[in-house]
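Okay, so here's the structure we're looking at.
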Amino acid sequence: MGSESDMPAMEKAAAELNRRGIANEIRVMSAHRNPDTVAEYAKTAQARGLKVLIAGAGLAAALPGAVAAHTELPVIGVPLTSKTSVAGGLDALLAIAQMPPGVPVACVGVDNARNAAVLAARIIGA
């Protein structure tokens, strides 16, 4: 997720994965404030045994796309609302859904990290 303030929304993904017995990890890193950290995390994810990445972000919602640019793993974006969101998170939703060709990011509903976890479980066949 892009910031600590995203934790209440994103921990729903971890809870769903835990309920299904799927190991997961939670990290906070910003595509804007820590771009090198994001790139390194995405580049090494597959070697660490990860199979799907879930990235939650609000406003410009650059995190899912930045992650997808540095990995061949499936990336699921969760658009998040904030007090400065446009139209209830529409800004984040469009930023995640409108990725350029060759950099796919799946997108679930606004603030719906649980659905991201369900989709991740289906992708890995769990």
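Given the structure is predicted, the values throughout are model-derived calculations rather than measurements.
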Taking a hydrophobic cluster as the set of Ile, Leu, Val, Met, Phe, Trp and Tyr residues connected by side-chain heavy atoms closer than 4.5 Å, whether directly or through intermediates, do [X] and [Y] fall within one such cluster?
X: M10; Y: V28; result: yes
X: V110; Y: L94; result: yes
X: I22; Y: I54; result: yes

**Item:** Side-chain heavy atoms of V78 within contact of M1, under 4.5 Å
**Value:**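 No, every pair of side-chain atoms sits at 4.5 Å or beyond.
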With sequence neighbours excluded, what pairs up with [X] under the side-chain hydrogen bond (donor to acceptor under 3.5 Å, both in side chains) test?
X: S5; result: S3
X: N115; result: none
X: N34; result: none
X: S82; result: T84, S85

**Request:** Could you pull out all residues at least two apart from V52 that satisfy side chain to side chain contact (heavy atoms under 4.5 Å, CB included)?
**Result:**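 Side chain to side chain contact (heavy atoms under 4.5 Å, CB included) check on V52 returns P74, I76, A120, I123, I124.
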**Message:** Please list all pairs meeting side chain to side chain donor-acceptor pair (under 3.5 Å) that have one or both residues in residues 100-113, counting only residues at least two apart or in different chains.
**Reply:**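 Side chain to side chain donor-acceptor pair (under 3.5 Å) check on residues 100-113 returns T81-D111.
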Listing request: all salt bridge (charged side-chain N to carboxylate O under 4.0 Å, His left out) pairs with a residue in [range], at least two apart in sequence or in separate chains.
range: residues 2-19; answer: E16-R19, E16-R20, E16-R114
range: residues 34-45; answer: none
range: residues 50-73; answer: none

**Asked** Apart from V38 itself, what residues make up its hydrophobic cluster, given side-chain heavy atom links below 4.5 Å?
**Response**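 Members alongside V38: M29, Y41, L50, L53, L63, V67, L73, V75, I96, M99, V103, V105.
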**Asked** Going from CG on L17 to CG on N24, what distance comes out if it is rounded to the nearest 0.5 angstrom?
**Response**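 Going from the CG atom of L17 to the CG atom of N24 covers 5.0 Å.
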If I compare all heavy atoms of [X] with all of [Y], which pair ends up nearest, and what's the gap?
X: A9; Y: A113; value: O-CB, 3.3 Å
X: A13; Y: A117; value: O-CB, 3.4 Å
X: H70; Y: A66; value: CD2-O, 3.0 Å
X: A60; Y: A95; value: O-CB, 3.0 Å
X: P79; Y: G109; value: CD-O, 3.8 Å
X: P104; Y: A68; value: O-CB, 3.7 Å

**Request:** Identify, with sequence neighbours excluded, every residue that meets salt bridge (charged side-chain N to carboxylate O under 4.0 Å, His left out) alongside R33.
**Result:**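 R33 satisfies salt bridge (charged side-chain N to carboxylate O under 4.0 Å, His left out) with no residue once adjacent residues are dropped.
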